[in-house]
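Down below is the structure, laid out as structure tokens.
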Amino acid sequence: MQLKPYARTLAIALSLAFVAGCSSTGGGQDGDLTGGAGGSDRGGVSTGSADGRGVSGDRDGRDGQRADADGRIPETRTIYFEYDSDTIRSEFEPVLTAHARFLQNNPNASVVLQGHTDERGTREYNLALGERRAGAVERYLNVQGVSPSQVEVVSYGEERPAARGQNEQAYAQNRRVVFAY
């Protein structure tokens with residue numbers, strides 16, 4: 001029976017592909033190699049793409065739409081929130097719409113929405129807030145026509161900060177939802 005050598009080779013190849021897919025690029029929490037540049041809570045926040053390329057997000061989210069036009073995952077994969085809020089800021093709606101279009105055009109694709117918070121508040125409260133933020137993004141995608149089976153929500157609360165520090169600049173970078181494809 002010649003099937004065993006092929007099965008063994010296939011199993012090894014799949015294992016290597018899985019390990020390669022899980023490897024880290026050494027960047028920040030959401031792939032930001034730039035270390036994040038800030039400013040106020042209202043924009044100018046540096047975002048990263050999941051492939052490790054730092055991308056400076058413009059305020060109206062056009063960079064999130066650009067990649068969708070050619071069938072790739074949108075470049076902007078992080079959206080930010082106000083303090084103690086799960087309301088999606090209007091400046092990130094074009095980014096969410098681009099992700100919704102990508103997911104609709106690629107029904108076999110799926111995404112994990114990772115909710116994060118800054119360090120203020122209790123651990124339990126921050127886990128719940130991170131889940132509410134990711135849930136708000138999930139609802140937006142569902143309203144846009146994305147299948148619920150393509151979306152998973154997870155909250156990390158304050159456990160995986162994108163920026164260290166106890167100042168508004170660091171807090172603003174940590175209040176986010178990351179699209180993990």
Stepwise side-chain hydrogen bond (donor to acceptor under 3.5 Å, both in side chains) check, Glu119 with Gln166 = CA-CA 8 Å; Glu119 65 185 37; Gln166 296 180 330; 2.9 Å; yes
Grouping I, L, V, M, F, W and Y whenever their side-chain heavy atoms are under 4.5 Å apart, do [X] and [Y] come out in a common cluster?
| X | Y | result |
| --- | --- | --- |
| Val178 | Leu129 | no |
| Ile79 | Tyr140 | yes |
| Tyr80 | Val95 | yes |

To check you understand the geometry: which heavy-atom pair defines the closest contact between [X] and [Y], and what is its length?
| X | Y | value |
| --- | --- | --- |
| Ile88 | Ala136 | CD1-O, 3.6 Å |
| Thr87 | Phe81 | O-CD2, 3.4 Å |
| Glu82 | Arg133 | O-NH2, 3.1 Å |
| Gly115 | Ala134 | N-CB, 4.0 Å |
| Pro94 | Ser90 | CD-O, 3.7 Å |
| Glu158 | Gly121 | OE1-O, 3.6 Å |

Arg175 bridged to Glu168 by N-O distance under 4.0 Å = yes
Which distance, rounded to the nearest 0.5 Å, do you find between the [atom1] of [X] and the [atom2] of [Y]?
| X | Y | atom1 | atom2 | value |
| --- | --- | --- | --- | --- |
| Arg164 | Asn174 | CZ | CG | 8.5 Å |
| Asn142 | Ser147 | CG | OG | 8.0 Å |
| Arg139 | Leu96 | CZ | CG | 12.0 Å |

Is any side-chain heavy atom of [X] closer than 4.5 Å to a side-chain heavy atom of [Y]?
| X | Y | answer |
| --- | --- | --- |
| Leu141 | Leu113 | yes |
| Glu131 | Val153 | yes |
| Glu152 | Val112 | yes |
| Phe102 | Val146 | no |
| Asp118 | Tyr83 | yes |

Ignoring hydrogens and geometry, is there a side-chain-to-backbone donor-acceptor pair from [X] to [Y] under 3.5 Å?
| X | Y | value |
| --- | --- | --- |
| Gln150 | Ala109 | yes |
| Thr117 | Gly130 | no |
| Asn126 | Arg120 | yes |

Arg123 CZ: over 12 foreign heavy atoms closer than 6.0 Å | no
Establish, yes or no, whether a centroid distance under 6.0 Å links the rings of Phe92 and His99.
-> no
